[in-house]
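Read the structure below first, then the notes.
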Amino acid sequence: MRLLTLLLLLLLLNLTTFGQTQKDKGLQAITMNSVKSPVQFLANDLLEGRMAGTKRGQTAGEYVASLFSFIGLEPVGDSVSFKPDRYQKLLGAEKRKTTSFFQPFQAIEVTPDTIQKLALVTTSDKSTLKKEYAYKADFRVTIPNGSSQISAPVVFVGYGLTDEKSGYDDFNKIDVKNKIVVRWAGLPGQDFKDSPAAKAINGPEGRALERLKNKQAKEHGALAVLEVASDTQISHWNANQYYFHNAMYEGLKKRKSFYDKRVYLPDTGKGNIPVIYISPSVFSDIMGPDFRNVQARKKASELKNVSQTISRKTIELAINTRNRRLQLRNVMSKVEGKEKDKFIVIGAHYDHLGIHDGYIWNGADDNASGVSAVLNIAKAMIASGVQPEYTILFACWDGEERGLLGSHYFINHWANKGKIMAYLNFDMIGRNAGPDAPNNQVTMIYSKAFQPAVTLSKQHISDYNLNLDVSYNGSEKPDSGSDNVWFVKDDVPLFWFHTGGQPDYHQPTDVPEMINYTKMANIIRLSYLDIFELSTNPESWK
């Protein structure tokens, strides 16, 4: 009897140990070497910044695919057919079809030409006056979808904004259909800090605001937008000045921009409205000598409409571009779950910014660090030996730096996108915010509806003694800045860890030597522990 009791106790101990070590066994597969090596390869000078659509970008994709295969993941890309030639048939080769790790797609790259035209045509009862303006002196064309010629009346629409919450509406009682609108940049009230508009309107900033305003102009039927440029913007139009680029670059020639080309998916880029920045002198010509700019801005700050038609004036535009087609590829794999048609997606973009002005933009933190996280979580899941309840899809996106292209293509074309349960994004997890910042700080960005991810993270940090100081930043739709944008638009709950901006962001100094590998490894371990629970334990979602 004592022997039987001892055997039962040993069996129970073995079962308990086995249950614990499956998760721990996967955790042990995340080593410092496995964390470092993908960063050191992808951010090596030999990959020349792995810009999307280049040979070195394809090399980076091949590297990721080879590691997916080496780890033991199943490919989830397009099917590939092999048809042997006559000689191969003689050697016994047979026709076959296999699944690759690649999801190929195309994108259109648009570059503005050096010749652009903008003219103001003023008519009166007796004459017609046409005034042409100089490109990059009086106006600048932002990156359109393609070439176009437009001749249409011009209408002033204040800031060109509708804000339902405050009731402010620049398009109220004015017809802009089939017209060119001229507007101020920014938000009403920005120059009058105590004004009603400044207190009531808290719109987005930067490109998000421009996209919103362009969308509203298009929805009202406008053909194009003329926006009054700031003095700072105008100063960058002129190439005959002395330029500084941090401590890395100085010269008589303006540094090439990463954003002087527009890249879009063929089925998503149609119909974007052309936007042209104009100088204050062009704006004055359009509005005429009786327009009082400061007074009008003051009136708008009081939530009053200042939009107006401009009689007898027409704008003529000739926008010229050069277009080319790019070949890009997402790299995708999976660990199939017991419920194979329910998915948890883990993603990171593998492209970066390439070579500019003789410098290589290596992109160690942005985003070789994220690719390392995807690879290591995959490695750990395989090492655990557990088949998850739900399929885990591991994806490395192409073209993020050129417009979140790869993740956008995936969402548009993934047959089972309605069955994605959650998305875990990685983009920049390897640096400290600055030289004086603590070594363990990280932000967890998450959908407020996905509280289990927060609960699990706090529990795992405590249980596994992970040296991470996490700031939890939840919102209804965490849609800023990275590939999470398209998942949020499809209402997929998500979370992602982010170590924040740092001085080398989008600089050639973002190199592997600057990575805080200890913090990065702990973020990856925490992410694996969270994913293990979410994928194997349905109770963890409650």
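Closest heavy-atom contact between Val157 and Arg183: CG2-CB, 3.9 Å. Heavy-atom minimum distance, Val335 versus Leu73: CG2-CD2, 3.5 Å. When all heavy atoms are compared, the tightest approach of Pro512 to Tyr517 is O-OH, 3.1 Å. Taking each heavy atom of Ser37 and Ser34 in turn, the nearest pair found is OG-O, 3.8 Å. Summarising the geometry of Ser166 relative to Ile201, their closest heavy-atom pair is OG-CG1, 3.4 Å, with the distance given to 0.1 Å. Nearest heavy-atom pair across Ala185 and Glu227 is CB-OE2, 3.3 Å.
Looking only at atom types and distance, the side chain of Arg525 has a donor-acceptor partner in the side chain of Asn522 under 3.5 Å away. A donor-acceptor pair shorter than 3.5 Å cannot be found between the side chains of Asn202 and Lys165.
His413 places a side-chain N or O within 3.5 Å of a backbone atom of Tyr409 that can act as its donor or acceptor partner. Between the Thr59 side chain and the Lys55 main chain, a donor and an acceptor come within less than 3.5 Å of each other. Looking only at distances, a side-chain donor or acceptor of Asn330 sits under 3.5 Å from a matching main-chain atom of Asp398. Under a 3.5 Å cut-off, the side chain of Ser462 and the backbone N or O of Lys458 do not form any donor-acceptor pair. Within the 3.5 Å criterion, the main-chain N or O of Val39 finds no donor-acceptor partner in the side chain of Ser372. At least one donor-acceptor pair closer than 3.5 Å links the side chain of Ser540 to the backbone N or O of Glu533. The backbone N or O of Pro478 lies less than 3.5 Å from a partner atom in the side chain of Asn484, making a donor-acceptor pair. A donor-acceptor contact shorter than 3.5 Å is absent between the side chain of Gln507 and the backbone of Asp510. The backbone N or O of Asp427 lies less than 3.5 Å from a partner atom in the side chain of His498, making a donor-acceptor pair. Formation of a donor-acceptor pair under 3.5 Å by the Ser471 side chain with backbone atoms of Thr443 is not found in this model.
Atom CD1 of residue Ile445 and atom CH2 of residue Trp496 lie 4.5 Å apart, to the nearest 0.5 angstrom. Note that the CE atom of Met381 and the CD1 atom of Ile392 stand 3.5 Å from one another [nearest 0.5 Å]. Remark: Asn44 CG to Leu46 CG distance equals 4.5 Å, nearest 0.5 Å. Taking CD1 from Ile108 and CZ from Arg262, the interatomic distance works out to 11.0 Å, rounded to the nearest 0.5 Å. Taking OG1 of Thr391 as the start and CE of Met421 as the end, the distance is 10.5 Å to the nearest 0.5 Å. From Asp483, atom CG reaches atom CG of Leu494 across 11.0 Å, with rounding to the nearest 0.5 Å.
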Go through it in stages, so that I can follow the logic: the residues are Tyr464 and Asp24, the test is side-chain hydrogen bond (donor to acceptor under 3.5 Å, both in side chains), and I'd like the CA-CA distance, side-chain angles, deciding distance and then a yes or no. CA-CA 10 Å; Tyr464 287 84; Asp24 293 341; 3.1 Å; yes

Decide side chain to side chain contact (heavy atoms under 4.5 Å, CB included) for Ile420 and Trp414; before the verdict, give the C-alpha distance in whole Å, the side-chain angles of both, and the deciding distance to 0.1 Å. CA-CA 10 Å; Ile420 298 174; Trp414 181 246; 4.2 Å; yes

Going through the checks in order, is the side chain to side chain contact (heavy atoms under 4.5 Å, CB included) test met by Leu526 and Ile461? CA-CA 7 Å; Leu526 173 60; Ile461 290 171; 3.9 Å; yes

Derivation and outcome, salt bridge (charged side-chain N to carboxylate O under 4.0 Å, His left out), residues Glu62 and Arg329: CA-CA 10 Å; Glu62 292 286 350; Arg329 300 183 298 177; 3.3 Å; yes

Given the rule in the salt bridge (charged side-chain N to carboxylate O under 4.0 Å, His left out) test, do Asp351 and Arg402 qualify, once you have shown the distances and angles that lead to the verdict? CA-CA 9 Å; Asp351 65 300; Arg402 311 199 76 178; over 6 Å; no

Are Phe192 and Arg297 close enough, and set up right, to give a side chain to side chain contact (heavy atoms under 4.5 Å, CB included), and what steps lead you there? CA-CA 9 Å; Phe192 304 91; Arg297 287 179 182 267; 4.0 Å; yes

Verdict with supporting geometry, Ile523 and Thr499, side chain to side chain contact (heavy atoms under 4.5 Å, CB included): CA-CA 10 Å; Ile523 293 170; Thr499 51; 3.7 Å; yes

If you apply the rule salt bridge (charged side-chain N to carboxylate O under 4.0 Å, His left out), what do you find for Lys199 with Asp194, and how did you get there? CA-CA 7 Å; Lys199 295 174 181 178; Asp194 296 324; 5.4 Å; no

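Taking 4.5 Å as the limit, every side-chain heavy atom of Asp191 sits out of range of all side-chain heavy atoms of Ser301. A 4.5 Å side-chain heavy-atom check between Ser457 and Tyr472 finds at least one atom pair inside the cut-off. Contact of the Asp366 side chain with the Glu401 side chain is registered, since non-hydrogen atoms from C-beta on lie closer than 4.5 Å. Side-chain contact between Ile344 and Leu424 is absent, with no heavy atoms from C-beta onward closer than 4.5 Å. Side-chain contact between Tyr528 and Asn376: absent, with no pair of heavy atoms (C-beta onward) separated by less than 4.5 Å. Side-chain contact check for Tyr63 versus Arg50: every heavy-atom pair is 4.5 Å or farther apart. A 4.5 Å side-chain heavy-atom check between Phe70 and Leu375 finds every atom pair outside the cut-off. Within the 4.5 Å cutoff, no side-chain heavy atoms of Asn367 are placed close to those of His352.
Open room surrounds NZ on Lys215; 12 or fewer heavy atoms of other groups in view lie less than 6.0 Å from it.
With salt bridges taken as basic N to acidic carboxylate O contacts below 4.0 Å, one links Asp490 and Lys417.
Phe68 meets the ring pair (Phe, Tyr, Trp, His ring centres under 6.0 Å) test with no other residue; sequence neighbours excluded. The side chain to side chain contact (heavy atoms under 4.5 Å, CB included) search around Asp469 returns Asn440, Gln441, not counting sequence neighbours.
The aromatic rings of Phe410 and Trp397 are tilted relative to each other, their planes meeting at an angle between 30° and 60°. Under the 30°/60° scheme for interplanar angles, the aromatic rings of Trp361 and Tyr359 are found to stand perpendicular. Using bins of under 30°, 30° to 60° and over 60° for the plane-to-plane angle, the ring pair Tyr135/Phe139 lands in the tilted bin.
Partner of Arg431 under the side chain to side chain donor-acceptor pair (under 3.5 Å) criterion, out of Asn516, Asp365, Asp504: Asp504 alone.
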